[in-house]
Amino acid sequence: MGPRCVVAVSAEALPKTYDPAGTEDRWQRLWEEAGAFHPDPEAPGEPFSVVIPPPNVTGSLHMGHAFNTALIDTIVRFQRLRGRNVLCLPGTDHASIAVQTILEKKIQAEGGSKHDLGRDAFLERAWAWKAESGGTIVGQLRRLGYSVDWGRERFTLDAQLNRAVVEAFVRLHEQGLIHRGEYLVNWCPASGSAVSDLEVEMKEMDGHLWHFRYPLSDGPGPDGIDHLVVATTRPETMLGDTGVAVHPGDARYAQLVGKTLDLPLVGRKIPIVADEHVDPAFGTGCVKVTPAHDPNDFAIGSRHGLPLITVMARNGSMNEAAGRFAGLDRFEARKAVVAAMEAEGFLVKVEPHRHSVPISDRGKVPVEPLLSTQWFVKAEPLAARCREALEAGEPRFVPERWSKVYRDWLTGIRDWCISRQLWWGHRIPAWFVVSETSGVITDATPYVVARDEAEARAKAEAQFGAASEAAGRALQLEQDPDVLDTWFSSGLWPFSTLGWPEESNADLATWYPTSVLVTGFDIIFFWVARMTMMAGAFTGRMPFRDVYIHGLVRDENNRKMSKSAGNGIDPLLLIERYGADALRFALVREVAGAGQDIRLDYDRKSDTSATVESSRNFANKLWNATRFALMNLGGATPASLGEPDPESLQLADRWILSRLARVNRETAERYGSYGLGEAAKGLYEFAWNEVCDWYVELIKRRLNPGDTASPEALADQRTARQVLAKVLGELLVMLHPLMPHLSEELWHGLTGEPEGTFLALQPWPAVDAAALDDALEARFAELIEAIRVVRNLRAVAGLKPSQGAPVVFVSGRAGLAAVLRQATAEISALTRAESVQVLDPEAAAARAGERCLAGVSGELQVLLPLEGLVDLEALRGRLAKDLAKAEKEIAGLAGRLANPNFAGKAPPEVVAECKANLAEAEAQAELARKRLAELG
């Protein structure tokens, strides 16, 4: 490689003002065109991989997506800077129920139905819709600057992923872990499909508890009991009752166990059974048992051999078994049953009752437990493997407390219903031999599971061909019309996207297991456990080393955002107003600790956010600081300036380089341990307060020594330029994971590198351990505080900004005094000091008679002599006025707090604010008294 050209840069490399939209659009395009984030599995560097949680193809960017994206991209960009061979793989989920619902509504609006179209035509419509509308969420994710490999983008219905799904199903079936049978499932009448427990949301709702009287078939017993009272929140299900259960230890009903009751409205005799499940202290201690419509009743019925009577159809209406109520919608039937029970004298009472109602996450209606023949995965053997891995520390949860939640869910797990009565999705790879059951699929129809129809036919021929030929009928196969639960394919996501089941695939060999999963706590069960169970079964390894669990983004009132509450905040609006980097930085900076929820300030009237605006202001600060540097570096770049000579460094240089080394080390540690919020806060403080507000101000005079500057001043100018260029250059690298577009733009402006060279692919700067100086940092922090005290005293004295004044520092600490003496030029420049004296306490005592304003910072006393500088009488008058104002405020606030009506009835936060204001007013009054005393 030949020598690099020396590049000259200037302030013209950057416009005067920062344009987020133009900057972000340009760098997103350049990164993608150059394949900046398209890694080679053969490339050097330790592999690091993340597969992003695939958003639904129906989705539109919401704040949860933006938060998750900001966290993931911060992690992967840092690892790329650390020299890792990083793959961040994107994709979307086919969202079976959501897509099917959208399409069915469209077809209904056209006056038809999916059955009118037929399956093939319906699926053509679905793929056409996906091609036209399914890319919305992908385009929106791009706007955030996601550094993913779009060339490896996956869709859960892609042909390769479909092969993985089919292979997984076949293998689980061959291992006896998938079976088909009739069980009680959660049925969603709105979507016409079974849904898993995880697709059901329990919502607290106001309802009623109806108490019904069921008469004994044989009339009153010796104790005079002639009926039992049961209670229910779903009266329509009583039509399917096949028993009443009592606790075996309940003496009230011991003599009735084994007898029968006459089921009102139906006339069926149902037995009284004794079962441990019944709580004798709840209600009357009698529980109606409807095995075909309640999971607990199903278990009781199984133990006692009670028949299962289904009284409801799959559309949520009552069926023929409901007798006179057949054809009624379930909620209409509820009213009709109650009215009939009351009319016939069986209604005892009705009570208001707030209870949890299972709601279909997609259909948004109450689910109905129904008997249905479905496909199930035996989850316990898969969960056992995951529990064993967790004991060995795999995966590692951050924060660790979520490992218990994960472990608890894997314990006592129920079989997983994986079939869905839909058309859009992965069709179940099972073929029914319908020639054995008169050409139709029944619960008794035999089936074969195969990878394709040819394999299915071969298997069916081997099992049933001879019998079919002997019976003179042709072998006829029909594939199961149902599709698999979306979470089945999502469970394979970490390895199916990398090429599984092709074990020789280079991507799979290089990047699996993945490095970290970044996800919200609300889908630990939905997704995380599904992935670990599937990965354990098919790869023998957990699919990721770490699971970083983040919290929710809450609204300005700290409420959870939801569509139903109407309190969502559109991230695209904030990106339009402030830029993607500002939103990303704001979200990450708000994180107080892994797993914690964050609150996002938002004004709904103006669609503004003070939180995001603060981050945009930070971006502007960095922009202006870089432009300042370009105007003062003399056209040089960090590379052409080179490293500063340690012997030429001034006090401020040594301080900022020590701080740079420390911040570098701390930031790398924080990024690497998922302390992303702490990293953002630390960089903000360093960049804004230490670099921009202090170091830049301290070196301004050194950067501009004048036309007649001495050789020594010019050498010092070069040192200041070298340090400034080094600090800014390394700061931009450290900020890149958080604000990628802005840092890329500023880095190019500072370095003059061509567009084809990216900051995103540069190495993380090495920590200059030799620059670290704890003692210097501590003393320099005291110097900064001393300058702040001088500025405050000048404000109290009413000095004009251009008006000079002497400053006296008093300290008995030799180290601090030495730093103050070294920094007299800087102190003079930043405080307009005519002279700076540093005295020990004994020397200061000799000046005790002078009229001065005094301030204290730790062990340092700061004096501002006033003789001849200000009108002392006017100053006394102003301070007296300030004192009177403070005392008036104290009286008012103290009076409010002394009033029992206020202190006892006002909201706690209002009382707390009043107390804080009182404390502040008292402090102001005390300070004014002190200032007056100093003036004599």
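Looking at S609, its side chain does come within 3.5 Å of a backbone N or O of V612 through a donor-acceptor pair. A donor-acceptor contact shorter than 3.5 Å links the side chain of T751 to the backbone of W747. Under a 3.5 Å cut-off, the side chain of S828 and the backbone N or O of T824 do form a donor-acceptor pair. Of the possible donor and acceptor atoms, one in the side chain of N624 sits under 3.5 Å from a partner among the backbone N and O of N620. Within the 3.5 Å criterion, the main-chain N or O of P865 finds no donor-acceptor partner in the side chain of R851. Under a 3.5 Å cut-off, the side chain of Q861 and the backbone N or O of A854 do not form any donor-acceptor pair. No donor-acceptor distance shorter than 3.5 angstrom exists from the side chain of R77 to the backbone of P740, with no hydrogens or angles considered. Side-chain atoms of N704 do not come within 3.5 Å of backbone N or O of G706 as any donor-acceptor pair.
Residue-environment remark: CZ (R832) stays at or below the threshold of 12 foreign heavy atoms within 6.0 Å. For E842, the CD atom sits in a loose shell: 12 or fewer heavy atoms of surrounding residues, nucleotides or ligands are nearer than 6.0 Å.
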Would you please test L71 and V588 for side-chain contact (heavy atoms from CB on, under 4.5 Å) and show each step?
CA-CA 7 Å; L71 294 172; V588 178; 4.3 Å; yes
side-chain contact (heavy atoms from CB on, under 4.5 Å) evaluation trace for L799 with L864
CA-CA 11 Å; L799 296 178; L864 187 68; 4.2 Å; yes
Assess the residue pair R665 and L772 against the criterion (side-chain contact (heavy atoms from CB on, under 4.5 Å)); give the C-alpha distance rounded to whole Å, side-chain angles, the decisive distance to 0.1 Å, and a yes or no.
CA-CA 11 Å; R665 188 171 65 186; L772 290 166; 3.6 Å; yes
Let me see the working for V86 and F37 under side-chain contact (heavy atoms from CB on, under 4.5 Å), right down to the final yes or no.
CA-CA 8 Å; V86 174; F37 310 126; over 6 Å; no
Side chain to side chain donor-acceptor pair (under 3.5 Å) assessment of T637 paired with S640
CA-CA 5 Å; T637 67; S640 64; 3.3 Å; yes
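Across all non-hydrogen atoms, the minimal contact from A760 to L81 is O-CD2, 3.8 Å. Here the closest heavy-atom approach between residue L144 and residue R584 is recorded as O-NH1, 2.9 Å. Shown here for V810 and A844, the closest heavy-atom pair between the two residues is CG2-CB, 3.6 Å. In terms of heavy atoms, A687 sits closest to L731 at CB-CD2, 3.7 Å. Closest of all the heavy-atom pairs between Q717 and L703 is NE2-O, 2.8 Å. Here the closest non-hydrogen pair linking A886 and A921 is CB-O, 3.8 Å.
Considering only heavy atoms from C-beta on, F48 comes within 4.5 Å of V516 through its side chain. For the pair D581/P20, no side-chain contact is recorded, criterion being any heavy-atom separation below 4.5 Å from C-beta on. A 4.5 Å side-chain heavy-atom check between E46 and N85 finds every atom pair outside the cut-off. With contacts defined as side-chain heavy-atom distances shorter than 4.5 Å, the pair L657/D768 does not qualify. You'll find the side chain of Y578 reaches within 4.5 Å of the side chain of E613, heavy atoms only. A heavy-atom distance below 4.5 Å is not found between the side chains of V819 and W655. N664 is listed as a side-chain neighbour of W764, based on a closest heavy-atom distance under 4.5 Å. Using a 4.5 Å heavy-atom cutoff, the side chains of R80 and P39 are not in contact.
Distance CZ/F585 to OG1/T74: 10.0 Å, rounded to 0.5 Å. With values rounded to the nearest 0.5 angstrom, L738 atom CG is found 7.5 Å from L676 atom CG. How far CG of L742 is from OG1 of T23: 7.5 Å, rounded to the nearest 0.5 Å. Going from atom CG of L728 over to atom CZ of F628 covers 10.0 Å, rounded to the nearest 0.5 Å. Note that CG of L746 and OG1 of T626 are 4.0 Å apart. Values are rounded to the nearest 0.5 Å. Between atom CD1 of residue I75 and atom OG of residue S515 there is a gap of 10.0 Å, rounded to the nearest 0.5 Å.
A cation-pi arrangement, defined by a distance under 6.0 Å to the six-membered ring centre and an angle within 45 degrees of its axis, is present between R589 and Y684.
Screening residues 693-739 for ring pair (Phe, Tyr, Trp, His ring centres under 6.0 Å), with sequence neighbours left out, gives no hits.
In this model, no donor atom of one side chain and acceptor atom of the other lie less than 3.5 Å apart for E24 and Q28.
The side chain to side chain contact (heavy atoms under 4.5 Å, CB included) check on Q650 picks up D653, R702, D716, E826, with sequence neighbours excluded. Residues that satisfy the salt bridge (Lys or Arg N to Asp or Glu O under 4.0 Å) test with R659, not counting sequence neighbours, are E690, E777. By the side chain to side chain contact (heavy atoms under 4.5 Å, CB included) test, Q722 pairs with L641, P644, R718, T719, sequence neighbours left out. E685 meets the salt bridge (Lys or Arg N to Asp or Glu O under 4.0 Å) test with no other residue; sequence neighbours excluded. Residues satisfying the salt bridge (Lys or Arg N to Asp or Glu O under 4.0 Å) criterion with R142, sequence neighbours excluded, are E32.
Remark: E678 does not engage K681 in a salt bridge, criterion side-chain N to carboxylate O under 4.0 Å. Ion pairing of R143 with E576 is present here, as a side-chain N (NZ or NE/NH1/NH2) and a carboxylate O approach within less than 4.0 Å. Contact check on E666 versus R662 returns no salt bridge, with no Lys/Arg side-chain nitrogen under 4.0 Å from an Asp/Glu carboxylate oxygen. Residues E782 and R813 are paired through a salt bridge, judged by an N-O separation under 4.0 Å between the basic side chain and the carboxylate. Here R779 does not pair with D773 in a salt bridge; the nearest charged N to carboxylate O distance is not below 4.0 Å.
Using bins of under 30°, 30° to 60° and over 60° for the plane-to-plane angle, the ring pair H741/W31 lands in the tilted bin. The aromatic rings of Y674 and Y548 lie parallel to each other, with less than 30° between the two planes, well short of the 60° mark.
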